[in-house]
Structure formats: C-alpha cells, structure tokens
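Each chain gets a letter, A, B and so on, in the order its sequence line appears, and its residues count up from 1. Bear in mind that the values here come from a model prediction, so they are computed numbers and not experimental data.
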2 protein chains.
Amino acid sequence: MLGRVRTAVAQLVGGLGPAARPHACRGPPVGGGFSRPAFLQLTSEELQLADDHAGRAVQSPRESRRRLPWSTGYAEVINAGKSQHNEDQACCEVVVVDRRCSPRCNPDLCFHYWGLFDGHAGSGAAVMASKLLHLHICDQLRDLVDILQDSSPPPLCLPGIARELPAEQNRAPLAQADAELPSDALPRFHLEKAVSHESLVIGAIENAFKRMDEQIERERMTRLVAGGCCALAVVYLLGKVYVANAGDSRAIIIRNGEIIPMSREFTPETERQRLQFLGFLRPELLGNEFTHLEFPRRIQHKELGKKMLYRDQNMNGWAYKRIEEDDLKFPLIYGEGKKARVMATIGVTRGLGDHDLKVYNSNIHIKPFLSCVPEVRVYDLTQYEHCPDDVLVLGTDGLWDVTNDREVADVVKEVLMDYEPNDPCRYTVAAYELVVRSRGVLKERGWRLPNDKLGSGDDISVFVIPLGGPGNYT
Amino acid sequence: MLGRVRTAVAQLVGGLGPAARPHACRGPPVGGGFSRPAFLQLTSEELQLADDHAGRAVQSPRESRRRLPWSTGYAEVINAGKSQHNEDQACCEVVVVDRRCSPRCNPDLCFHYWGLFDGHAGSGAAVMASKLLHLHICDQLRDLVDILQDSSPPPLCLPGIARELPAEQNRAPLAQADAELPSDALPRFHLEKAVSHESLVIGAIENAFKRMDEQIERERMTRLVAGGCCALAVVYLLGKVYVANAGDSRAIIIRNGEIIPMSREFTPETERQRLQFLGFLRPELLGNEFTHLEFPRRIQHKELGKKMLYRDQNMNGWAYKRIEEDDLKFPLIYGEGKKARVMATIGVTRGLGDHDLKVYNSNIHIKPFLSCVPEVRVYDLTQYEHCPDDVLVLGTDGLWDVTNDREVADVVKEVLMDYEPNDPCRYTVAAYELVVRSRGVLKERGWRLPNDKLGSGDDISVFVIPLGGPGNYT
C-alpha cells in the first residue's frame with residue numbers, strides 16, 4: 001500500500017521546472033569530499049582551518065561578504081576528533097516557487113529557508129540534504145501557489161488527468177452500501193472536513209522530507225552518499241514560520257526573554273512506544289536478536305525463571321514479569337539519555353538516509369524503525385509585534401548537550417545588548433558566542449567550559465534568526 | 001509474542017487470595033439486569049425512578065445513608081432515550097491490598113479508588129468493570145506491598161520459581177557476542193535504568209486494565225456481558241493520586257480556581273495516527289472495505305483520476321494525491337468531533353470490552369484498533385497545601401459535551417461558597433448541580449440549557465472529590 005501511495009504522490013509531481021528541480025544539483029557526487037556551507041564562502045585556506053580538530057576555529061560568515069537573508073547569524077565548529085570531518089551542514093536560501101502549469105492569477109510565491117543537518121556515519125546524507133531539501137519543499141509547494149494566496153478555503157478536490165474508469169461494480173461493498181442506504185442508517189458520511197492553508201504547507205513540508213529521503217535512497221550509490229542525518233528546517237511563508245524537525249536538533253524562540261520551544265527531539269526514549277509497537281507487529285524486523293520488550297538492564301542467562309521489570313509498547317509504567325528464554329534477547333530500545341540506542345546501534349529515530357544501516361555484525365536493517373517525517377510546528381509572525389532582540393535559535397545537539405534553553409537565551413540577550421538594535425552583525429556575534437561557549441577552551445584535560453565541565457566534543461552549528469520582521473531586513 | 005507475554009504475566013499472578021480476587025464476584029451474571037452503583041443504596045422504587053427517561057431525576061447518595069470516603073460527592077442522571085437504561089456505572093471503594101506471600105515487614109497497604117464507566121452497545125461491560133476493575137488493580141499491587149513502602153529504589157529483579165534452564169548455546173547470537181566482545185566494542189550494555197516507585201504503580205494500573213479486558217473477553221458469554229465501556233479510574237496511594245483514563249471521560253483538578261487537566265480523551269481524531277499506522281501495517285484488518293488514508297470527504301467513483309486532499313499515518317498536514325481505485329474504499333477514520341468514527345462504527349478508541357464489535361453488515365472486527373490501556377497521570381497531593389475548595393472532578397462525556405472546564409470550575413466554586421468548608425454534603429451538592437446544569441430543563445423542544453441550547457441527552461455521571469486532605473475525611 002505504501003508503494004501505491006508513493007506512486008500516486010509521485011505522479012502529482014509531474015514535470016519539474018528547471019529552477020526548483022531537486023535533481024538539478026548535478027556535477028560531482030555531493031557526498032564525496034569535505035565541504036562547508038556555500039554561504040560561508042570559505043577560501044581553500046579557510047576550509048583547511050575549519051577542518052582542523054586541534055584548533056577548532058569557529059566559522060561565521062564574514063561581514064565583508066554576502067549577508068544572509070534577514071541578517072541571520074550563523075556559526076559552526078568542527079568536533080574534537082569524533083569524526084574525520086565536520087558532519088553538520090547548513091543552508092540558508094530565499095526560494096521562488098514557480099507554478100507547475102496553472103494560469104497566473106496571483107503574484108509569485110517565495111519562501112525563506114534555513115536548514116541544519118547533523119550527519120552521522122559519514123557526511124554524505126547531510127551534504128546532499130543541505131543542497132536539495134529546500135528544492136523538494138519548493139516542488140511540493142508548486143501546486144499550491146494560487147491556493148495559498150486565495151483567501152477562500154483550499155479546494156478538497158482538484159481536476160486531474162482523466163483515466164479510464166473501472167466499472168462501478170468493482171467498488172468496495174461498503175461504498176456500495178453507503179450509496180444504497182438511507183442517509184441516517186450509517187453515521188453521517190457526507191460531511192466535509194475543513195482543511196486550512198496552514199495544514200497544506202505542513203503537508204508539503206512533510207512530503208518534501210519523504211521525497212528527499214527517497215532521493216537519497218535512489219542515488220546513494222552513484223553519488224556516494226554515506227550515512228544519515230538529522231534535519232531541522234525552517235520555512236517562512238506568507239507571514240508564518242514553519243519549524244520542521246526530524247532528529248535531535250532543537251529550535252527555540254526567544255521572545256521578550258521568554259522561551260518558546262519550537263521542536264522536540266526524536267530519540268529511542270521519546271519514540272520508544274512507536275518503535276516497540278512496530279517490533280511487536282513485525283517481529284521479523286527484529287531478526288532473532290532483539291525483543292520488543294524493554295528491560296532496565298541486561299538479563300543474564302542464569303536469571304531465567306526470576307521476575308524482572310519490563311515494559312511493552314503499551315506501557316509507560318513498569319511491572320515484573322517472569323523471565324523467559326525470549327527475554328534473553330537484546331532489547332530493541334536500550335540505554336538512557338545520550339546513550340539510548342535502537343538495536344544497540346543508533347541514538348536518533350528520525351532523519352534522512354541510513355538506508356544501509358545494519359546492526360553490527362548482522363543482516364538486520366535499522367531503517368524500518370527510523371522515520372524521515374518531521375514534526376512541524378507553526379509560529380504566526382503576524383500575531384505579535386517583535387522587537388530586534390526576539391530571535392529563533394536553531395542548533396544541532398552539539399549546542400544543546402552542554403547549553404540549556406535558558407543559558408542560550410541568556411547568552412543571546414547578553415550579546416545583543418552590546419550592539420545597536422539595527423547593527424546587522426549582532427546575530428552573527430550571538431551565534432558565534434553560543435558556539436564558543438558550548439565548545440569551551442582547550443586545556444590540559446580537553447575542551448573545558450568555564451565551570452571546568454567538559455565542553456561539547458561534537459560538531460556544533462547554530463543559526464540565530466531575528467524575528468524583528470522580514471520587512472526590516474529583506 | 002503477545003501470547004508469550006500474556007502467559008508470563010499471568011504466571012506472576014499465581015494463587016489469588018480470596019479478598020482481592022477479581023473472580024470473587026460470582027453469583028448471577030453481572031451484565032444481565034439494570035443496576036445502579038451499590039453506594040447509591042437505591043430502593044427498588046428509587047431504582048425505577050432512576051430508570052425513567054421522561055423525568056430524568058438526578059440521583060445522589062442520600063445524606064442519611066453511608067457517606068462516601070473523603071466525603072466524595074456524586075450525582076448521575078439517565079439519558080433522554082438514546083439507550084434503554086443508564087449505561088454509565090460508577091464505583092467508590094477503599095481497598096486493602098493483601099500480600100501475595102512475602103513475609104510481613106511493613107504495614108498493610110490500602111488505596112482509595114473511584115471509577116467511572118461509560119458503556120456503549122449495552123451496559124454489561126460497564127457493570128462488570130465497575131464491580132471488578134479495582135480488584136484487578138489490587139491484584140497487580142499485591143507483589144508491590146513491601147517494595148512500595150521501602151524507601152530504597154525498587155529491585156529490578158525478584159526471585160522466582162526455578163525452572164529447568166535451557167542450554168547456553170540456545171542464546172541469541174548477539175547476546176553471545178555481547179558476552180564475548182571487549183566492553184567498549186558495543187555501546188555500554190551494562191548500565192542499569194533507575195525505576196521509580198511511582199512507575200510501578202502506573203504499570204500496575206496499566207496491567208490491571210489489560211487483565212480486566214481479558215476477563216471480559218473470557219467471561220462475556222457466560223456472564224452475558226454486552227458492549228464495551230470507557231473507563232476512568234482514580235487511585236489514591238501513598239500520598240499520590242493516579243488518574244487512569246481509557247476513553248472520552250475526563251478528569252480535571254480545580255485548585256485555587258486554576259484548572260489542571262488530569263486526562264485527555266482518546267477518540268478517532270486524537271488517535272488517528274496510531275490507528276492508521278496499524279491499518280497500514282496490517283491491511284488485512286481493514287477487510288476489503290477500508291483504506292488507512294484519511295480524506296476530508298467521501299470520494300465519488302466519477303472522481304477517479306482527480307486529485308484529492310489526504311493524509312496518511314505519518315502526516316499531520318494535508319496534501320493532494322491522485323485518486324486511485326483503492327481510495328474509493330471507506331476511510332478508516334472518518335468524521336469530525338463527536339461524529340468521528342473508526343470504521344464508521346465507534347467514536348472512542350480506548351476502553352474495555354467490545355470484543356464482538358464488528359462493522360455493520362460485515363465480518364470486520366473493530367477490537368484490534370481499540371486499546372484497553374489507559375494513560376495514567378500522577379498528582380502528588382503532598383506537594384501542595386490544599387484547601388477544602390480544591391477538588392478533582394471526574395465526568396463522563398455527557399458532562400463535558402455541554403459544560404466546559406471553566407464552566408465546571410465556576411459551578412463548583414459557586415456551590416461550595418454556599419456551604420461551610422467542613423460541611424461534608426457540599427461536594428454532593430456540587431456534583432448534583434453539575435449534572436442538573438448539563439442535563440438542562442425539559443421544555444417543549446427537549447432538554448434545554450438556560451441559554452436555550454440543547455442540554456446533554458446522554459447519560460451523565462460526576463464525581464467531585466475533595467483534595468483538602470485525606471486526613472480530614474478518612
């Protein structure tokens with residue numbers, strides 16, 4: 001059935017214009033060499049510096065070069081040696097949506113876009129997604145250009161290309177019954193559900209993530225796309241900010257000092273029940289290695305017959321069960337906090353790529369348990385008068401692992417206070433400062449924060465996006 | 001695998017003491033005749049009055065009879081004719097948990113219990129659950145009597161009855177690899193997860209709901225248990241209030257005028273994605289009648305080939321898809337608000353019973369899509385000094401359909417103000433008033449609220465439980 005839906009929605013895409021064409025990114029394989037976001041405009045010397053684990057120099061757009069839309073601030077730093085290159089990637093673009101074919105009855109549509117991609121097991125998926133995800137979003141929006149600019153509710157049904165209609169008698173029996181029964185014999189079948197413009201944009205973003213993931217699957221061999229990535233994407237369209245998150249990056253709005261969470265993290269712990277439910281319904285996906293039950297520690301063989309705490313896909317609490325042979329298998333979800341893993345392998349449960357990921361030393365695929373679909377949250381920019389200190393902060397987990405929401409808000413406030421409200425470089429300084437403070441300073445015992453705790457040894461990437469009004473900056 | 005888990009947990013139950021034995025409720029079939037909650041102590045004349053759809057007299061415990069624990073207030077009224085009898089049921093008990101077998105090293109454990117059951121398609125399941133669910137909770141707590149009263153963390157593993165151990169070589173390959181590999185070759189496998197006392201009580205309540213549902217399944221023929229029911233149960237144990245909800249009843253705490261939601265409703269709309277996910281993974285459960293996709297209205301045969309808005313199990317937004325033959329099937333989830341249905345049949349997605357429920361005129365079972373597992377929320381009574389006006393209100397949907405949280409809080413405040421804080425009858429008057437105001441008054445055009453809107457034609461049942469401290473009342 002998935003296949004069927006895929007086909008149907010793929011048909012919708014139809015012929016793509018060249019501008020907003022996800023496949024337009026040709027040339028050398030995108031996943032091959034080391035690269036940093038295009039908007040950083042790094043020289044080859046600067047690129048080398050950015051790739052140095054020992055120095056961990058923080059990178060930001062230079063003031064002398066092209067300014068990012070809305071004077072967005074950005075900064076990044078490479079990890080302390082956990083992977084060869086910086087596996088984070090970023091993108092910031094203004095994208096014009098060209099109509100697919102309908103007659104022109106409204107102005108063109110354009111959206112602002114920011115994306116953060118935190119790669120794992122290679123940077124290929126992150127690089128590819130950073131170059132293409134916004135084009136998939138554009139593609140999904142192409143049918144909606146006029147619908148979104150029309151104040152009347154979206155049409156539930158659109159004309160399509162005629163097909164040969166099968167005979168009426170092929171209809172499912174209930175559908176026939178529905179037509180034959182008096183209108184009150186079954187519940188009201190003939191209602192219409194109102195669908196908002198906003199939910200069309202959400203649907204477009206959700207499907208863009210799916211298409212991106214499918215493209216990675218198709219082209220991973222030819223483009224040498226290794227690994228997977230978390231994806232956090234922000235779309236500003238027609239007065240609203242859409243924050244789409246698949247993974248463990250995070251977005252918060254800081255408004256008048258108040259923190260508004262704009263995403264949640266998808267990890268083995270937060271998605272335990274979804275994953276256990278799948279393992280329960282499709283035990284073949286667990287190989288003969290894993291049990292869908294969770295236990296608070298590994299069970300030893302000699303404990304057979306004793307009672308152990310467990311929880312299944314339906315439970316939030318814990319209860320005791322008698323240990324059986326099957327319980328000696330490794331738990332599908334195991335570990336706590338940053339060490340929680342799906343099938344002892346991966347610590348995030350949503351993202352793009354990972355099509356070849358398998359359990360160590362086995363033929364068990366992890367991908368069926370991962371979701372590429374983001375959760376999308378919406379923030380209406382027009383509902384509030386924003387001041388220049390109100391910002392949306394996006395960060396990969398390298399930031400949030402050592403700096404919590406409140407601390408991030410405090411650093412942002414502190415930096416912005418030092419600059420004139422109309423100084424466009426203040427957001428870059430804020431991003432820079434967030435990265436420096438999360439990385440820490442190199443001491444004898446590694447990278448350390450002022451309180452002597454370990455700084456983040458991970459890649460760190462941060463956007464600081466002012467909400468003070470696109471009118472001011474674009 | 002479900003079978004295996006069931007067996008294992010059933011074994012845990014072992015020999016039941018007679019006091020807290022869910023099966024101790026013998027005698028005539030509980031689902032047969034019409035009955036009202038035992039604590040109402042209705043005479044046969046009063047029972048007849050309570051069963052009269054025309055008068056819809058509100059029933060409350062008489063002041064002259066046994067007072068409910070904590071001076072709990074209660075009131076109920078029968079529906080306006082939608083079913084032959086009042087299909088709501090209620091229970092209020094103090095339950096002593098007897099140990100299963102362990103040596104006595106702590107005082108006995110007892111819990112206070114309130115349950116509301118909103119039956120559908122017959123009152124059998126509601127009656128049976130109202131008589132037995134608290135005994136299942138008691139049974140699940142019997143292993144925990146000493147563990148819950150011990151300040152140290154619960155043991156992860158308990159001794160059990162020895163069994164013949166299978167040979168080591170039967171272990172799953174990864175479990176072997178785990179034993180053989182150096183400790184840093186795989187992620188840290190040897191951690192221990194801390195499990196709280198609170199989560200053991202949650203687990204006990206969750207499993208009690210499952211056992212109750214299994215008992216209804218086993219005994220529905222012999223006991224003539226018809227239909228199903230929503231279940232809302234409250235357990236007060238060791239200073240904490242556990243509110244367990246499976247269905248569309250609702251619980252709120254009103255504290256110093258502030259409303260604290262203590263449950264959420266489980267309906268086709270709120271559980272859409274869980275149900276669609278199941279329909280997607282197990283299409284055979286949909287017969288050949290239903291599609292797991294949602295559409296905002298029925299699709300007509302002549303629309304084949306056009307594009308229609310849809311959403312699948314992964315989407316919160318909507319997008320257009322080309323209509324295919326399969327999309328002509330009836331949507332698994334269809335309708336809005338109170339009219340939303342699973343497979344055109346049922347408007348709640350969690351509860352007990354319904355084992356024989358099928359789609360109209362078909363052999364398609366609904367039960368696989370329903371969950372008997374409640375969501376449990378915890379409120380720590382010791383964390384706040386409660387005044388006599390602070391209450392927990394439980395109501396079936398008959399209450400909440402016409403009276404929102406704020407209105408309920410206002411009515412409660414208004415009534416309680418009229419009575420001395422130590423007058424125990426004030427909570428019953430509040431419950432009575434909530435029922436009267438939701439039922440309305442019989443006029444020419446049916447039961448009407450003061451604003452002339454329709455009152456609730458449904459059964460209405462309400463508990464008003466004072467939080468002013470069990471010490472004051474028990």
Turns out that what part of F277(B) lies under 4.5 Å from chain A's heavy atoms comes down to side chain
What part of I147(B) gets closer than 4.5 Å to chain A, counting heavy atoms only: side chain, backbone, both or neither? side chain
Tell me, with the steps shown, if L191(B) and Y334(A) meet side-chain contact (heavy atoms from CB on, under 4.5 Å). CA-CA 9 Å; L191(B) 47 82; Y334(A) 192 65; 4.1 Å; yes
Honestly, the part of E198(B) sitting under 4.5 Å from a heavy atom of chain A is neither
What heavy-atom pair brings Y320(B) and L156(A) nearest, and what distance separates the two atoms? CE2-O, 3.9 Å
Partner chain A: residue of L281(B), I202(B), L144(B) with the largest heavy-atom pair count (under 4.5 Å): L281(B)
If you look at every heavy atom in C157(A) and M308(B), which pair is closest and at what distance? CB-SD, 3.9 Å
Closest heavy-atom pair, N207(A) versus Y310(B), reported as atoms and distance to 0.1 Å, is ND2-OH, 3.4 Å
Under 4.5 Å heavy-atom distance to chain A, tell me which part of E206(B) shows up: side chain, backbone, both or neither. side chain
Can you say whether I205(B) sits under 4.5 Å from chain A via the side chain, the backbone, both, or neither, judging by heavy atoms? neither
Which region of P155(B), side chain (C-beta onward) or backbone (N, CA, C, O), has a non-hydrogen atom less than 4.5 Å from a non-hydrogen atom of chain A, or is it both or neither? both
How far apart are the C-alpha atoms of K193(A) and L309(B), what are their side-chain angles, what is the distance that settles it, and do they pass the side-chain contact (heavy atoms from CB on, under 4.5 Å) test? CA-CA 10 Å; K193(A) 202 161 194 163; L309(B) 285 175; over 6 Å; no
Starting from the C-alpha separation in whole Å, work towards a yes-or-no answer on side-chain contact (heavy atoms from CB on, under 4.5 Å) for K210(A) and D312(B). CA-CA 12 Å; K210(A) 289 189 226 170; D312(B) 66 20; 2.9 Å; yes
Taking all atoms of both residues into account, what is the closest heavy-atom pair of K306(A) and L158(B), and its distance? CB-O, 3.2 Å
